[in-house]
Amino acid sequence: MQLELSGNVAVVTGGASGIGLACARMFAREGCLVSVWDISWITDEQKAALSLESSTPSHSVIVDVTDSTAVEAALRETEDTLGPVSHFVHAAAIGSGKFGFPFTNLKPSDWLKVLDVNVMRMVQVAHATAPGMRARRKGTMIFVGSVAGQIGSQTDPPYSASKAANINFSQCLAKDLAPYNVRVNVVNPGMVQTPLNREVWLAWSNQQLPDKRRTYEEWANEKIHAVTPLGRWQQPDDVADMVVFLSSARAAQVTGQTVNVDGGQVMNW
């Protein structure tokens with residue numbers, strides 16, 4: 001299947017690890033010029049891998065998405081170096097780092113940073129990237145959400161609520177930008193072994209009596225078999241495949257949608 005992505009510029013925030021890095025590599029494999037935005041440098045090994053995938057030099061910018069000035073500067077640097085951005089993927093997100101069941105385990109103050117990073121910085125990057133796409137009448141935005149935003153996960157209410165907000169605001173963006181041929185969608189991972197997922201386990205484990213604790217592997221395997229009909233982890237590449245497909249010409253009529261890559265978890269909830 002020809003995705004018609006070759007030569008386009010793609011930006012991935014949170015692209016130095018996990019799902020974001022998988023997205024960056026998949027875009028590079030399709031021939032895109034990829035810019036990785038992250039609060040940390042990508043390693044020399046990652047740069048080499050991206051360059052090898054696309055046969056073009058990789059590009060990265062250290063940017064804290066909570067800093068609006070830094071986001072604007074990162075966009076200018078990317079477009080000066082690679083050209084106009086056609087595809088934007090926002091994968092940067094955080095959890096509260098605490099176990100949120102019941103919700104009174106958390107304080108209202110525990111919500112503030114999560115909502116700022118996961119919601120307001122989504123708003124910030126949309127404000128930065130939408131005007132250029134609208135002017136060129138071309139572009140895609142993909143926001144990496146979570147099934148937690150659909151099922152009201154009690155594990156981390158601030159994270160869950162922020163991901164619901166991502167879905168809702170993406171629909172607002174899709175409606176606003178559709179007349180300009182700019183498409184906006186959300187991809188929701190289910191159970192993926194990422195640092196954020198391990199953080200959820202640790203927060204849970206710290207709340208348990210010693211005889212109730214499980215290793216990360218034990219906890220994760222129990223949860224997978226309990227909530228996922230396909231009975232296996234989703235991999236970062238599984239999510240990246242959907243992100244890149246929705247960014248491609250093969251999804252030209254898809255906008256305002258939330259697509260779950262979750263092994264059937266939401267269906268089974």
Side-chain angles (χ1 to χ4, degrees), residues 1-16 19-38 42 47 50-51 53-61 63 65 70-92 121-145 166 169-187 237 239-257 259:
M1 182 181 290
Q2 297 298 314
L3 299 184
E4 300 180 34
L5 288 167
S6 182
N8 289 343
V9 175
V11 168
V12 182
T13 71
I19 291 169
L21 179 59
C23 291
R25 293 192 67 176
M26 205 67 69
F27 274 114
R29 195 170 299 164
E30 292 298 326
C32 286
L33 289 75
V34 180
S35 180
V36 171
W37 295 7
D38 203 287
I42 62 173
K47 288 181 182 179
L50 287 172
S51 296
E53 297 278 10
S54 65
S55 301
T56 61
S58 62
H59 180 260
S60 63
V61 185
V63 55
V65 295
V71 169
E72 296 282 356
L75 181 62
R76 287 194 300 272
E77 179 183 330
T78 299
E79 296 199 327
D80 288 345
T81 304
L82 301 180
V85 174
S86 294
H87 308 290
F88 192 89
V89 178
H90 186 52
R121 300 314 139 187
M122 174 194 182
V123 174
Q124 173 61 42
V125 298
H127 273 269
T129 56
M133 292 183 179
R134 186 170 55 197
R136 294 186 293 274
R137 303 186 71 86
K138 174 187 177 183
T140 67
M141 295 184 193
I142 304 287
F143 295 96
V144 178
N166 291 165
F169 183 49
S170 291
Q171 292 170 341
C172 295
L173 286 172
K175 292 173 185 177
D176 281 357
L177 296 174
Y180 304 95
N181 195 36
V182 177
R183 298 186 295 104
V184 184
N185 292 290
V186 174
V187 174
D237 279 356
V239 182
D241 281 339
M242 183 59 68
V243 166
V244 171
F245 172 76
L246 288 173
S247 302
S248 78
R250 302 286 73 80
Q253 290 290 340
V254 182
T255 196
Q257 302 304 305
V259 181

What's the spacing between [X] [atom1] and [Y] [atom2] if we round to 0.5 Å?
X: L173; Y: N166; atom1: CG; atom2: CG; answer: 10.5 Å
X: S35; Y: H87; atom1: OG; atom2: NE2; answer: 14.0 Å
X: R137; Y: L177; atom1: CZ; atom2: CG; answer: 11.0 Å
X: I142; Y: F88; atom1: CD1; atom2: CZ; answer: 11.5 Å
X: M122; Y: H127; atom1: CE; atom2: NE2; answer: 11.0 Å
X: T81; Y: H59; atom1: OG1; atom2: NE2; answer: 4.0 Å

Does [X] reach the main-chain N or O of [Y] with its side chain, forming a donor-acceptor pair under 3.5 Å?
X: S86; Y: G139; result: no
X: Q257; Y: T255; result: yes
X: R134; Y: V182; result: no
X: R183; Y: A251; result: yes
X: E79; Y: V85; result: yes

| said: Take a 6.0 Å sphere around OH of Y180 and say whether it holds more than 12 heavy atoms from other residues, nucleotides or ligands. | reply: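 Atom OH in Y180 is not crowded, with 12 or fewer foreign heavy atoms closer than 6.0 Å.
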
Closest heavy-atom pair and its distance - [X], [Y]:
X: P131; Y: A126; result: CD-O, 4.2 Å
X: V63; Y: W37; result: CG1-CB, 3.4 Å
X: S247; Y: L5; result: O-CD2, 3.7 Å
X: T140; Y: M133; result: O-CE, 3.4 Å
X: L75; Y: A128; result: CD2-O, 3.2 Å
X: G15; Y: V36; result: C-CG1, 3.4 Å

Side chains of [X] and [Y]: closer than 4.5 Å at any heavy-atom pair?
X: M242; Y: M26; value: no
X: L246; Y: V254; value: yes
X: F27; Y: N8; value: no

| message | Under the criterion side chain to side chain contact (heavy atoms under 4.5 Å, CB included), I'd like the reasoning laid out for V259 against N185: C-alpha separation, chi angles, the key distance, then a yes or no. | response | CA-CA 8 Å; V259 181; N185 292 290; 5.9 Å; no

